[in-house]
Amino acid sequence: MTTDQKKQELEKIAREIKAFKGLDIAKNATHAVPGEGDPDAAIMFIGESPGYNEDMQGRPFVGQAGMLLEKTLLEVLGLKRGDVYITNIVKFRPPDNRDPFDNEIAACADWLDRQIKIISPKIIVTLGRFSMTKFIPGVTISQIHGVARYYQPSTMNYQLIIFPMYHPAAALRGTTMMNAFKADFVKLKNLLAPQAKIEDNTPSQASLF
Ligand code: URA
């Protein structure tokens, strides 16, 4: 697919998301938050769900957690947010920033799977446990953050790399998490080197798309 075709396909998905009224969180949203970034990005960040600021602006990760993500991205990888693709598991803000429900994750899954297929990133960075669980179920984030593994989507003809990280909002809550978040970014940088080795090559069973 050319970059223009990718853009058109991503815009089509964004239109579907904005028109969707099949969940209460969709009906109550100020703005849906489909995702944004480079359609040819090598790295795709997948968070949990939009918060207050994201709902107000219709853009992912524009609050405090987003500022940390953006700053670390630039400091460690030398990348701007427009160089990567950023989206969420759930495309509408749950009230009071509660955890997303299973039916909300399920209702948004097809859009996310299509976004992944169109962008075809080399690496998916999962931010937080909801995003991690889509690809790597049955583990805790404290066990596996910062460890890359291969993942074979059923509709794609190559393996992606899944790189689980703590959510930046968790990093903002304390020094230990902040240090882990930054250390994982350095590992992510090493992963981008052409000769990078994947530490854990267990293929994930969570082939949802
Ligand atoms: N937290 C998320 O998981 N996603 C956002 O877009 C903002 C905050």
Side-chain angles (χ1 to χ4, degrees), residues 10-11 13-38 41 43-77 79-116 119 124-135 141-142 145 163-182 184-185:
L10 290 168
E11 277 163 18
I13 294 171
R15 282 197 298 274
E16 287 175 27
I17 295 171
K18 288 176 191 170
F20 180 77
K21 297 289 172 233
L23 290 170
D24 285 347
I25 55 170
K27 286 186 209 138
N28 295 333
T30 314
H31 294 105
V33 183
E36 65 183 30
D38 182 353
I43 310 177
M44 184 166 180
F45 287 88
I46 304 179
E48 184 178 311
S49 49
Y52 173 81
N53 293 292
E54 291 75 23
D55 176 71
M56 293 308 283
Q57 295 185 36
R59 300 178 59 209
F61 282 99
V62 290
Q64 275 207 318
M67 271 153 56
L68 174 63
L69 180 65
E70 211 170 313
K71 181 169 167 272
T72 318
L73 193 58
L74 191 61
E75 275 175 11
V76 181
L77 299 184
L79 294 176
K80 299 200 205 69
R81 62 181 281 151
D83 297 329
V84 298
Y85 197 87
I86 306 178
T87 189
N88 286 300
I89 288 278
V90 168
K91 312 299 190 188
F92 315 95
R93 182 189 182 211
D96 303 320
N97 298 334
R98 64 154 167 76
D99 288 348
F101 296 148
D102 287 349
N103 70 310
E104 294 166 346
I105 294 173
C108 295
D110 182 61
W111 293 317
L112 178 59
D113 293 343
R114 284 161 61 202
Q115 287 173 320
I116 293 170
I119 294 157
I124 289 180
V125 179
T126 61
L127 299 170
R129 72 190 160 96
F130 286 95
S131 171
M132 175 193 74
T133 301
K134 174 179 173 70
F135 304 98
I141 197 162
S142 58
H145 71 92
F163 189 75
M165 286 187 37
Y166 283 117
H167 196 285
L172 288 168
R173 283 186 219 118
T175 316
T176 311
M177 289 292 208
M178 181 64 86
N179 290 342
F181 182 76
K182 290 193 174 159
D184 286 351
F185 250 101

Considering only heavy atoms from C-beta outward, does the side chain of I43 approach that of L73 to under 4.5 Å? no
Quick one: do I105 and T133 satisfy side-chain contact (heavy atoms from CB on, under 4.5 Å)? Show the steps, please. CA-CA 11 Å; I105 294 173; T133 301; over 6 Å; no
The side chain to side chain donor-acceptor pair (under 3.5 Å) partners of D184 (sequence neighbours excluded) come to H145
Among residues at least two apart in sequence or on other chains, which ones pass side chain to side chain contact (heavy atoms under 4.5 Å, CB included) with L74? K80
Listed partners of R59 passing salt bridge (charged side-chain N to carboxylate O under 4.0 Å, His left out), at least two apart: E36
Gap separating the NZ atom of K182 from the CZ atom of F185, nearest 0.5 angstrom: 10.5 Å
Under the salt bridge (charged side-chain N to carboxylate O under 4.0 Å, His left out) test, which residues partner D83, sequence neighbours left out? none
Rounded to the nearest 0.5 Å, what separates atom OG1 in T87 from atom CG in L10? 9.5 Å
I'd like to check L127 versus M165 (side-chain heavy atoms, cut-off strictly below 4.5 Å). Are they in contact? yes
With side-chain contact (heavy atoms from CB on, under 4.5 Å) as the criterion, how do V125 and M44 come out once you've worked through the C-alpha distance, each side chain's angles and the decisive distance to 0.1 Å? CA-CA 6 Å; V125 179; M44 184 166 180; over 6 Å; no
Enumerate the salt bridge (Lys or Arg N to Asp or Glu O under 4.0 Å) contacts for residues 65-74, please, sequence neighbours excluded, ordered by first and then second residue. E70-R81, K71-E75
Give me the atom names and distance for the closest heavy-atom approach of R93 to P50. CG-O, 3.2 Å
Show the numbers, then the answer: is there a side-chain contact (heavy atoms from CB on, under 4.5 Å) between K134 and L112? CA-CA 11 Å; K134 174 179 173 70; L112 178 59; 3.8 Å; yes
Residues at least two apart in sequence or cross-chain that pass side chain to side chain contact (heavy atoms under 4.5 Å, CB included) with T175, listed by chain then number, are N179
I25 to P94 - nearest heavy-atom pair and separation: CG2-CA, 3.7 Å
Residues which pass salt bridge (charged side-chain N to carboxylate O under 4.0 Å, His left out) with R129, listed by chain and number, not counting sequence neighbours: D99
Quick one: does E54's side chain have a donor or acceptor within less than 3.5 Å of a partner on V62's backbone? yes
Between Y85 and Q115, is any pair of side-chain heavy atoms under 4.5 Å apart? yes
Nearest 0.5 Å, what's the NZ-NZ distance between K91 and K18? 12.5 Å
Using the test side chain to side chain contact (heavy atoms under 4.5 Å, CB included), find all partners of T126 that sit at least two apart in sequence or belong to another chain. I124, S131, M132, F135, I162, P164
Salt bridge (charged side-chain N to carboxylate O under 4.0 Å, His left out) filter on E11, not counting sequence neighbours, yields none
How close do S49 and F92 get, heavy atom to heavy atom, and via which atoms? CB-O, 4.1 Å
Would one find more than 12 heavy atoms of other residues, nucleotides or ligands at under 6.0 Å from atom CD of Q64? no
Student check: side-chain heavy atoms of P34 and I13 closer than 4.5 Å: no
Residues in side chain to side chain donor-acceptor pair (under 3.5 Å) contact with T30, at least two apart in sequence or another chain: D55
Can you name the closest pair of heavy atoms from P100 and E48 and give their distance? CD-OE2, 3.4 Å
Mind running side-chain contact (heavy atoms from CB on, under 4.5 Å) on V33 and F61 for me, showing each step along the way? CA-CA 10 Å; V33 183; F61 282 99; over 6 Å; no
Identify, with sequence neighbours excluded, every residue that meets side chain to side chain contact (heavy atoms under 4.5 Å, CB included) alongside E16. K12, W111, R114
How would you list, by chain and number, every residue that makes a ring pair (Phe, Tyr, Trp, His ring centres under 6.0 Å) with F130, sequence neighbours excluded? none
With a sphere of 6.0 Å drawn around CG of D102, does it hold more than 12 non-hydrogen atoms of other residues, nucleotides or ligands? no
Where P168 and L68 come nearest, the two heavy atoms and their spacing: O-CD2, 3.5 Å
So do L69 and I86 actually touch side chain to side chain, heavy atoms under 4.5 Å? yes
